[in-house]
Amino acid sequence: MEYRRLGRTEEYVSTMGMGTWKIGVYSGPSERATQVQALKRGIELGCNLIDTAEMYAGGRSEEVVGEAIEDLRKDVFIASKVSPNNLHHDDVIAACNKSLKRLRTRYIDLYQIHWPNSTIPIKETMSAMEALVREGKVRYIGVSNFSVEQTEEARAALPKSELVSNQVEYSLTNRSSETQVLPYCEKNGLTLIAYSPLAKGTLPEWLIPKAICAKYKVTPVQVMLNWVTRSKSVVAIPKSANIRHVEENMSSVAVQFSDEEYGLIGRN
Ligand code: NAP
């Protein structure tokens, strides 16, 4: 596994993290146990970044993550998110306390605003985020689905802390962040956390040259994940509840393609 500096902090997170949307949705104990095992397998393979949110599966995603990391807490960097309807000061604090309980931990490594909410002043939300940092409940502050302009406002609303990341959709089939958000992150020392990096499982085979798969003995999924993290400012959080898929995803950054090959990927 390869690790990258988170923002301008001294923290290193795995280039391949794990997402958990739909983790926590299960038909019974055996499916839940498989989800826990998939996360544990990822950690075993060197993944230290797990992304979750209070919103996922009505809180059960955080509960499953909490179970998976119970004996491994210090090996893992937990990123969770506060929902856009909970961005008033006291709601942020209450949401964080609930997430801490579900995650069975004393602190969240990265607490992110899930989506911007223009009806609540960003200053109010960020003052709560900084209070959580002061109390030791949160280590770093991030945002998600923020435009460059919203990110600038968020940074200006943080007098005592650095904003370390922006989590946005980024994959071979959605490259919208390449025009503004990615260059901004690269220039200003923020990590771009790429969500839905596998285009939600809809594998766009036509965008992936077979010759590259053959030359490097990698699968199309591995090409997708490798490609999306070709900038050192990006880490990705593919979701999988399948142990074999987790193994495939975690070894996707074991090789590096040439600049020319990266340019060929995504063309059709
Ligand atoms: P994704 O990671 O692009 O794709 C997940 C889908 O791909 C699942 O159906 C998964 O099925 C399948 N998959 C994973 N590895 C595979 C493999 N090796 N081979 C074949 N299929 C594979 O989509 P996502 O869940 O939307 O995004 C990832 C994470 O980003 C989320 O879980 C969440 O943490 C975060 N996210 C954040 C936001 C936001 O607003 N901030 C929005 C969406 C997502 P299996 O489980 O069966 O492997």
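All values below were derived from every heavy atom in this structure, side-chain atoms included, with hydrogens, water molecules and symmetry-related copies excluded. Small disclaimer: the values here were computed from a predicted structure and weren't measured. Note that ligands are numbered from 1 as they come in the structure, with each ligand's atoms numbered from 1 the same way.
Atom 15 (N) of ligand 1 has Asn249 ND2, 3.1 Å as its closest protein atom, hydrogens excluded (heavy atom only). Protein heavy atom at the shortest distance from atom 5 (C) of ligand 1 is Lys239 O, 3.5 Å. Protein heavy atom at the shortest distance from atom 30 (O) of ligand 1 is Tyr195 CB, 3.2 Å. Nearest protein heavy-atom neighbour of atom 41 (N) of ligand 1: Ser144 OG, 2.9 Å. The protein atom (non-hydrogen) at minimum distance from atom 47 (O) of ligand 1 is His245 ND1, 3.8 Å. Of the protein's non-hydrogen atoms, the one nearest atom 31 (C) of ligand 1 is Trp21 CB, 3.5 Å. For atom 24 (P) of ligand 1, the nearest protein heavy atom (residue, atom name, distance) is Ser196 OG, 3.7 Å. The nearest protein atom to atom 3 (O) of ligand 1, hydrogens excluded, is given as Leu198 N, 2.8 Å; this is a heavy-atom distance.
Between Arg139 and Ile108, every side-chain heavy-atom pair lies at or beyond the 4.5 Å cut-off.
With no hydrogens or angles considered, a side-chain donor-acceptor pair links Gln222 and Ser251 at under 3.5 Å. Between the side chains of Asn226 and Ser252, not a single donor N or O lies within less than 3.5 Å of an accepting N or O. Side-chain contact annotation: Asn86 with Glu54, donor-acceptor N/O pair under 3.5 Å present. Thr34 and Glu31 are not linked by any side-chain donor-acceptor pair at a separation below 3.5 angstrom, with hydrogens and angles left out of the test. Using a 3.5 Å distance cut-off with no hydrogens or angles, the side chains of Tyr216 and Glu261 do pair a donor with an acceptor.
Each of the following atoms of ligand 1 lies closer than 4.0 Å to a heavy atom of Tyr56: 33 (C), 34 (O), 35 (C), 36 (N), 37 (C), 38 (C). Those atoms of ligand 1 with a heavy atom of Glu248 less than 4.0 angstrom away are 17 (C), 18 (N), 19 (N). Listed by number with element, the atoms of ligand 1 under 4.0 Å from a non-hydrogen atom of Pro197 are 2 (O), 3 (O). Annotation for ligand 1: atoms under 4.0 Å from non-hydrogen atoms of His114 are 39 (C), 40 (O), 41 (N). Of all atoms in ligand 1, numbered sequentially from 1 with element shown, those under 4.0 Å from a heavy atom of Asp51 are 33 (C), 34 (O), 35 (C). Within the listing of ligand 1, atoms 2 (O) sit less than 4.0 angstrom from a heavy atom of Pro238. Within ligand 1, the atoms closer than 4.0 Å to a non-hydrogen atom of Ser240 are 14 (C), 15 (N), 45 (P), 46 (O), 48 (O), numbered from 1 in the order shown.
Using a 4.0 Å cut-off between heavy atoms, Lys81 contacts ligand 1 through its side chain alone, with no backbone atom that close. When non-hydrogen atoms are compared, ligand 1 lies under 4.0 Å from neither the backbone nor the side chain of Ala53. Proximity of Gln167 to ligand 1, defined as any heavy-atom pair under 4.0 Å, is confined to the side chain (atoms from C-beta onward). Contacts of Asn145 with ligand 1, taken as heavy-atom pairs under 4.0 Å, involve the side chain alone. Residue Lys200 touches ligand 1 through backbone and side chain together, judged by heavy-atom distances below 4.0 Å.
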| field | Verdict with reasoning, Tyr56 to His114, per ring pair (Phe, Tyr, Trp, His ring centres under 6.0 Å) | value | CA-CA 11 Å; Tyr56 296 166; His114 204 147; 5.7 Å; yes
| said: Walk me through whether Asp51 and Lys81 qualify under salt bridge (Lys or Arg N to Asp or Glu O under 4.0 Å). | reply: CA-CA 8 Å; Asp51 178 76; Lys81 309 187 202 79; 2.7 Å; yes
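Under a cut-off of 6.0 angstrom, the local environment of CD in Glu2 is crowded, with over 12 non-hydrogen atoms contributed by other residues, nucleotides or ligands. Atom NZ of Lys40 has more than 12 neighbouring heavy atoms from other residues, nucleotides or ligands inside a 6.0 Å radius.
Ring geometry for Tyr140 against Phe77 counts as parallel: the plane angle stays under 30°, on a 0 to 90° scale with 60° as the upper cut.
Comparing heavy-atom distances from atom 29 (C) of ligand 1 across Ile193, Ile237, Val246, Ile243 singles out Ile237 as nearest.
Some N or O of Ala241 is nearer than 3.5 Å to an N or O of ligand 1, by distance alone. Remark: ligand 1 and Asn242 share no N or O pair separated by less than 3.5 Å (distance only, no angle test).
Proximity of a side-chain donor or acceptor of Thr229 to a complementary backbone N or O of Leu225 within less than 3.5 Å is detected.
Both Val221 and Ile212 are assigned to one and the same hydrophobic cluster, defined by single-linkage of ILVMFWY side chains at heavy-atom distances under 4.5 Å.
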